[in-house]
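Report on the structure given below.
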Amino acid sequence: MSHYDPKKIEEYQLILLKNPRSPVFAALAEAYRKMGLLEEALEVTQKGVKHNPEFVSGLVAHSKILYELKDYREALKILTKAHLLKPENLLALRLLGHCYAKLKRYPEALKSFKKLLIVHPNDESALSFIQKWEFLESLPSDPHQKSIELDDIASWIKRLPGVGQALHLIDSFVHFGDKKAALEIANSARLIWVEDETLKRRQDMLYKSLESSPPTPRRDPVLNEIQFKKGFYAHLLQRIEQRKSLDPN
């Protein structure tokens, strides 16, 4: 709970009582939010944005409350509107990136954070996210596609800098409705990160989930599977040889 001047809060309340259309609703809602009064803050912004639909600070205040309430989809809608009205707004851009990330829409989050750096080059949250996720731009295809070839997955996994990114990529495909592709990525990643327990659990969950769903047909599955395994076994052997060369024994 953050400290906030009670005199200011009373002042905002009186202004809003006299004029329900006043843009001061944004400041009052922000005060409530900092005090942890999220439901009260939400009620204030819901009324405020109806009277001030193009007041960007009010839209951002509304979206911040939605974000803290974990309603990321609704927050994203409000932020998209705020961004269109004022593309250079730092708060809207930053929160837009975080909303996309919470919804596992990592390429879109990456674009938002890169836009943020244009107007605020030293933003730590943007720099941190870009450093972790910039590899997405080097992938051969868009991770949001719902149909992919197995040999493409081999290329993707080889480019991933760590198991954390592999898990997020798996979640991204699950989010976009392609559990089959998510399982293929999990199976592929397990060839590299054999001992990772989180990856193993995610793989097991996907198997159970697919057992209760009808199979998704793929073009030339046998041929693609052979091509895919060839590429991965070759990559796995390379990693084994590298480890052997580094082993002093």
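In this chain, residues are counted from 1 in sequence order.
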Legend entry - Basic-acidic side-chain contact under 4.0 Å: K200, E197: no
Legend entry - Closest non-hydrogen atom pair, Y32 against Q13: OH-NE2, 2.7 Å
Inset, instruction - Decide side-chain contact (heavy atoms from CB on, under 4.5 Å) for L66 and R73; before the verdict, give the C-alpha distance in whole Å, the side-chain angles of both, and the deciding distance to 0.1 Å. - result: CA-CA 9 Å; L66 290 166; R73 294 185 187 281; over 6 Å; no
Inset, instruction - Return yes if some donor-acceptor pair links the side-chain N/O of N52 with the main-chain N/O of F55 below 3.5 Å, else return no. - result: no
Legend entry - Atom pair CG (D123) and CZ (F113), whose distance is rounded to the nearest 0.5 Å: 7.5 Å
Legend entry - Value rounded to 0.5 Å, distance of CG in L79 from NE2 in H62: 10.0 Å
Legend entry - is_close_aromatic(Y72, H98), centroid dist under 6.0 Å: no
Legend entry - Side chain to side chain, E30 and I65, heavy atoms closer than 4.5 Å: no
Inset, instruction - Return the minimal non-hydrogen interatomic distance between L16 and S22, and the atom names on each side. - result: CD1-O, 3.7 Å
Legend entry - Close side-chain approach of E68 to K64, heavy-atom, < 4.5 Å: no
Legend entry - Separation between CD of E184 and CD1 of I170, rounded to the nearest 0.5 Å: 11.5 Å
Inset, instruction - Considering non-hydrogen atoms only, spot the tightest contact between V44 and A29 and give its length. - result: CG1-CB, 4.1 Å
Legend entry - L59 and its side chain to side chain contact (heavy atoms under 4.5 Å, CB included) partner, picked from K81, K86, E54: K81
Legend entry - K115 (side chain) donor-acceptor with L110 (main chain) under 3.5 angstrom: no
Inset, instruction - State yes or no: do L28 and L14 share one hydrophobic cluster built from I, L, V, M, F, W and Y residues joined by side-chain heavy-atom distances below 4.5 Å, directly or via other members? - result: no
Inset, instruction - Please report the shortest heavy-atom distance between K50 and Q46, naming the atom on each side. - result: CG-O, 3.3 Å
Inset, instruction - Give the minimum heavy-atom separation between A109 and G97, together with the two atoms involved. - result: CB-O, 3.4 Å
Inset, instruction - Starting from the C-alpha separation in whole Å, work towards a yes-or-no answer on salt bridge (Lys or Arg N to Asp or Glu O under 4.0 Å) for K77 and E74. - result: CA-CA 5 Å; K77 290 179 186 177; E74 191 60 31; 3.8 Å; yes
Inset, instruction - Rounded to the nearest 0.5 Å, what's the gap from CD on E88 to CG on L116? Could you check? - result: 12.5 Å
Legend entry - Any N187 side-chain heavy atom under 4.5 Å of Q203 side chain: yes
Inset, instruction - Find the distance between CG (L95) and NZ (K102) and round it off to the nearest 0.5 Å. - result: 11.0 Å
Inset, instruction - State whether the side chain of S128 and the backbone N or O of E124 hold a donor-acceptor pair below 3.5 Å, judged by distance alone. - result: no
Inset, instruction - Kindly indicate whether the side chain of V56, heavy atoms from C-beta on, has any atom under 4.5 Å from the side chain of V60. - result: yes
Legend entry - From CA spacing to verdict: salt bridge (Lys or Arg N to Asp or Glu O under 4.0 Å), E11, K7: CA-CA 6 Å; E11 181 185 330; K7 289 184 179 180; over 6 Å; no
Inset, instruction - Mark yes or no for whether S209, through its side chain, and L206, through its backbone, hold a donor-acceptor pair below 3.5 Å. - result: no
Inset, instruction - Flag yes if L210 and M205 sit in one hydrophobic cluster, no otherwise; membership is Ile, Leu, Val, Met, Phe, Trp, Tyr, and two members link when side-chain heavy atoms are under 4.5 Å apart. - result: no
Inset, instruction - Identify the two heavy atoms, one from A166 and one from I185, that lie closest to each other, and give their separation to 0.1 Å. - result: O-CG2, 4.4 Å
Inset, instruction - Would you kindly confirm whether L96 and L84 end up in one hydrophobic cluster when ILVMFWY residues are joined by side chain heavy atoms under 4.5 Å apart? - result: no
Legend entry - Interatomic distance, E10 atom CD to I15 atom CD1 [nearest 0.5 angstrom]: 11.0 Å
